[in-house]
Amino acid sequence: MAYGIVFDYLMGQSIDAFRYFGAHFGSIEVESEEIVPPKTKGGRSRKVKVKKDLYGVWFRLYAPMASDVSVIGEFNGWDVRSNKMNKIDSSGVWETFIPGLHDYQSYKYHFKNARGEYVDKADPFAFYSEYRPQSCSRLFDIEGFPWMDGDWMKQRTRNFDTPMSIYEIHLGSWKGKIGDRFPSYEEVADYLIPYLQETGFTHVEIMPITQYPFDGSWGYQATGFYSVDSRYGNPKQLMSFVDRLHRAGFGVILDFAPVHFAVDPYALREFDGTCLYEYSDPAHTLSPWGSAQFDLGKDPVRSFLMSAMNYFLTYFHFDGIRVDAVSNIVYWDGNKANGENTGATEFIRRLNGKLHYVHPSAMMIAEDSTDFTKVTHPVEYGGLGFDYKWDLGWMNDTLKYYSKDPVYKKYEHNKLTFSMAYFYSENFLLPLSHDEVVHGKGTIINKMWGDYDQKFSLLRNLYAYQFGHPGKKLNFMGNELGSFDEWNENRSLPWNLLSFPKHDSIRRMIRDLNLIYAAEAAMKVEEYNPAHFRWLMVDNADQSVFAFEREVGDSDLIFIYNMTPNWYEHYDIGVYHEGIYDEIFNSDKDVYGGWNQYNGLPCVVENVPGPENRPMKMTVKLGGFCACILKRRIEKAPEPQVEEEPAPKKKATRKKAA
């Protein structure tokens, strides 16, 4: 077994290297002599050999250019001579067994590297680590968690025909610290579950929780890729977090950064004195963020990262992995002009193919800002094999459009129509993520044009547009509060804003949009099929009004967006179906902070030609900066009634006179 695992690891084919490398509680069979007392009086005692299981921890390390390797820790007084490791073969795998150990004990590997220097390194496969600024690995038995999410796991899908509205969260700053410490995974769950139930989101995406030293990196520059972030607790506390969300009906997605790692000397950088994990070419060793870049063309590195993601899917029941910075994978240094990094794209295909085979209901999501083709196409058809891709083009164009003065929006009209020109080339997800509310970019509401009231009106319009547009949805925590202050990882979200009606109404509107999204098949079933979408008003640049229809079965919805402050008592929209439409959502209602310019009465289609050469027209009231959703009444034919045959009459009988 060991030979097979090591061979697969070296060949870049392993997705379960975590079952062998690292520190694992187990046993070893030892033989000892025991003195057996005499059976009879006057008899002689005798020595016998007895085999027993000795319990402890197996340590295994991959460090091909290391020598004189030992395990040091609090269990041996950090003595480099106490627990030497044996090199089990020429590939560079080291092993030893230490009895009598227990959870939470700290340890490191001590060895001479390729440059002849003695170094102390954290375990690359450690399941747990010391809390910063300490840097040791810690022993932890990850087996035996009592999962209770069996029903969820059996029914789980990749959500192609179901709603997926993702709430992206940074665990440490959602509610903020408790005193001077971070909340635990369970403490976050205590508040998060009822909040998700209240707001209608379907999934949570947690920003990276593999061990990282610098708070300001938000987890994107890690030192331990199997080690659960000790800021919030141990691995089983994270398992409890996922288990509880599953039982409450919410999916959990893990944000994972396989492109680069932190350069702290105790971690992966120049691990055995060589560039074991990073590029040896100085031109590519460091990323634009100053971190070291994984050489994804090296087979052991591929096995290391594929196994890490499989570890979190297997042991923590995550419903998907969001792969960070795919642009820096598909192109050298993230620059298309540098050409495709074929070694890295082969890694991605191998990753998605293997993980989908083992976890057919788990999602793989690409955070990709490039125009690289077939990102969400199956591997067997030449694609990268992801299930979804972030539509960062939609995000950039949309936010630029909403920031424009309405007078000039007609010159930027294509920014809102362009996304549908390429939408069906991939399975897109529409993100308004943490990247848009930091580093001086302003929050989402700050990006809107206008004064205080106009910004709120446009923000309501934007969220209605995000939900109306085909594609899965993602919002960063706090987007629903309408905060004017940028997110800061060192402080809590400004929950006090909910005491102000303008801000609280945004959260209520997000809830209602989530409820409509969940209820209407037209917003989620076969949304990547162009047969279910058509523009109704797409060329009206002068008035900056857009309208489109989404239809699946009995669910037929029309979405209308007025992008200027001009309001219309009677506005004509061209339509394809005759009948009656009821307004089921209007962003200008007073419950959302608007001015109540909505359609209280049903809208009846007239059988006369409509704008933009549509066969019929419908007249609506359209408020300034208003977004509305109308649903066509589907008149179902009455079920045929079967007439029951009359019961036979009973014959009358006469009573005889006495």
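Along the sequence shown, residues are numbered consecutively beginning with 1. What you see is a predicted model, and the numbers here were worked out from it, not measured in a lab.
Between D556 and the options R534, R632, R550, a salt bridge (charged side-chain N to carboxylate O under 4.0 Å, His left out) holds for only R632.
Of the possible donor and acceptor atoms, one in the side chain of T376 sits under 3.5 Å from a partner among the backbone N and O of N427. Not a single donor-acceptor pair under 3.5 Å links the side chain of S555 to the backbone N or O of V552.
Counting only heavy atoms from C-beta outward, the side chains of Y592 and F456 never approach each other to under 4.5 Å. Contact of the I15 side chain with the V358 side chain is registered, since non-hydrogen atoms from C-beta on lie closer than 4.5 Å. Using a 4.5 Å heavy-atom threshold, the side chains of L245 and L192 count as touching. Proximity of I329 to V259: side-chain heavy atoms (C-beta onward) are separated by under 4.5 Å at one or more points. For the pair T443/D485, no side-chain contact is recorded, criterion being any heavy-atom separation below 4.5 Å from C-beta on. Contact check for V437 versus I444: side-chain heavy atoms found under the 4.5 Å cut-off. Counting heavy atoms from C-beta on, the side chains of V323 and P258 come closer than 4.5 Å. The shortest distance between side-chain heavy atoms of I348 and V326 does not fall below 4.5 Å.
When all heavy atoms are compared, the tightest approach of E205 to I166 is CB-CG2, 3.6 Å. Closest of all the heavy-atom pairs between I193 and F250 is O-CE1, 4.0 Å. Nearest heavy-atom pair, P470 versus Y424, reported as atom, atom and distance to 0.1 Å: CG-OH, 4.4 Å. Of all non-hydrogen atoms in H434 and Y220, the two that sit nearest each other are CE1-OH, 3.1 Å. Closest non-hydrogen pair, Y402 versus N461, comes out as OH-OD1, 2.7 Å. Nearest approach of F467 to K473, heavy atoms of both residues: O-NZ, 3.3 Å.
Ion pairing between R507 and D504 holds under the 4.0 Å rule for side-chain N and carboxylate O. Between D151 and R247 there is no salt bridge, since none of the side-chain N atoms of the basic residue sits less than 4.0 Å from a carboxylate O of the acidic one. A salt bridge is defined here as a Lys NZ or Arg NE, NH1 or NH2 lying under 4.0 Å from an Asp or Glu carboxylate O, and K472 with E527 meets this definition. Salt bridge R322/E168: absent, no basic N to carboxylate O contact under 4.0 Å. Using a 4.0 Å cut-off between charged nitrogen and carboxylate oxygen, K441 and D435 do not count as a salt-bridge pair. Electrostatic pairing of K589 and E583 does not count as a salt bridge here, judged by no charged N lying under 4.0 Å from a carboxylate O. Salt bridge status for R350 with E346: present, with a side-chain N to carboxylate O gap under 4.0 Å. Electrostatic pairing of R244 and D190 counts as a salt bridge here, judged by a charged N lying under 4.0 Å from a carboxylate O.
Residues satisfying the side chain to side chain contact (heavy atoms under 4.5 Å, CB included) test with N488, not counting sequence neighbours, are N490, R491. Scanning for side-chain hydrogen bond (donor to acceptor under 3.5 Å, both in side chains) contacts around E526 gives N529, H532, with sequence neighbours left out. Taking Y167 as the reference, W174, E480 meet the side-chain hydrogen bond (donor to acceptor under 3.5 Å, both in side chains) condition, with sequence neighbours excluded. By the side chain to side chain contact (heavy atoms under 4.5 Å, CB included) test, A518 pairs with P163, sequence neighbours left out.
Residue K404 places its NZ atom among 12 or fewer non-hydrogen atoms of other residues, nucleotides or ligands, all under 6.0 Å distant. The neighbour count for F418 CZ, taken as heavy atoms of other residues, nucleotides or ligands under 6.0 Å away, does not exceed 12. More than 12 heavy atoms of other residues, nucleotides or ligands lie within 6.0 Å of OH in Y452, so this atom counts as buried by the packing criterion.
For Y388 and F160, the distance between ring centers is under 6.0 angstrom. Aromatic rings from Y528 and F428 are positioned such that their centres are separated by 6.0 Å or more. For F546 and H413, the distance between ring centers is under 6.0 angstrom.
Residue pairs that meet the salt bridge (charged side-chain N to carboxylate O under 4.0 Å, His left out) test with at least one member in residues 376-392, sequence neighbours left out, are R158-D387, D368-K389. Here ring pair (Phe, Tyr, Trp, His ring centres under 6.0 Å) pairs that include residues 359-381, with residues two or more places apart or in two chains, are Y331-F372.
Below 30°, between 30° and 60°, or above 60°: for F294 and F261 the angle between ring planes is between 30° and 60°, a tilted geometry. Taking the six-membered ring where tryptophan is involved, the planes of Y226 and F304 are perpendicular, since the angle between them exceeds 60° and thus also 30°. By the 30° and 60° cut-offs, the orientation of the rings of W147 relative to F145 is perpendicular.
With hydrogens and angles left out, the side-chain atoms of R460 and S457 include a donor and acceptor closer than 3.5 Å. Side chains of S173 and E489: a donor-acceptor N/O pair is absent below 3.5 angstrom, by distance only. Side chains of H469 and S419: a donor-acceptor N/O pair is present below 3.5 angstrom, by distance only. In summary, the side chains of S303 and S307 do not present any donor paired with an acceptor at a separation below 3.5 Å, with no hydrogens or angles considered. Between the side chains of T223 and Q211, no donor N or O sits under 3.5 Å from an acceptor N or O. Side chains of H317 and D243: no donor on one and acceptor on the other come within 3.5 Å. If you check the side chains of S499 and N496, you find no donor sitting under 3.5 Å from an acceptor. With hydrogens and angles left out, the side-chain atoms of N475 and Y463 include no donor and acceptor closer than 3.5 Å. For the residue pair W152/D319, the side-chain donor-acceptor check at 3.5 Å is satisfied.
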- Assess whether side chain to side chain contact (heavy atoms under 4.5 Å, CB included) is satisfied between L196 and V204, documenting all intermediate values. CA-CA 9 Å; L196 295 174; V204 172; 3.3 Å; yes
- Message: Walk me through whether L416 and Y465 qualify under side chain to side chain contact (heavy atoms under 4.5 Å, CB included).
- Response: CA-CA 10 Å; L416 241 64; Y465 173 59; 3.8 Å; yes
- Verify salt bridge (charged side-chain N to carboxylate O under 4.0 Å, His left out) between R181 and E187, making sure each step is shown before the conclusion. CA-CA 12 Å; R181 68 172 178 85; E187 287 171 326; 2.9 Å; yes
- Verdict with supporting geometry, K236 and Y128, side chain to side chain contact (heavy atoms under 4.5 Å, CB included): CA-CA 10 Å; K236 288 185 178 175; Y128 196 40; over 6 Å; no
- Item | Chi angles and distances behind the ring-ring contact (aromatic ring centres under 6.0 Å, His included) call for F140, F127 | CA-CA 6 Å; F140 195 87; F127 300 134; 8.5 Å; no
- Stepwise side chain to side chain contact (heavy atoms under 4.5 Å, CB included) test for D255 and D324: CA-CA 7 Å; D255 197 344; D324 180 59; 4.0 Å; yes
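Stacking of K415 on the aromatic ring of Y401 is not recorded, the 6.0 Å distance cut-off and the 45° axial limit not both being met. Cation-pi check for K175 over W495 is met; the charged atom lies under 6.0 angstrom from the ring centroid and within 45 degrees of its normal.
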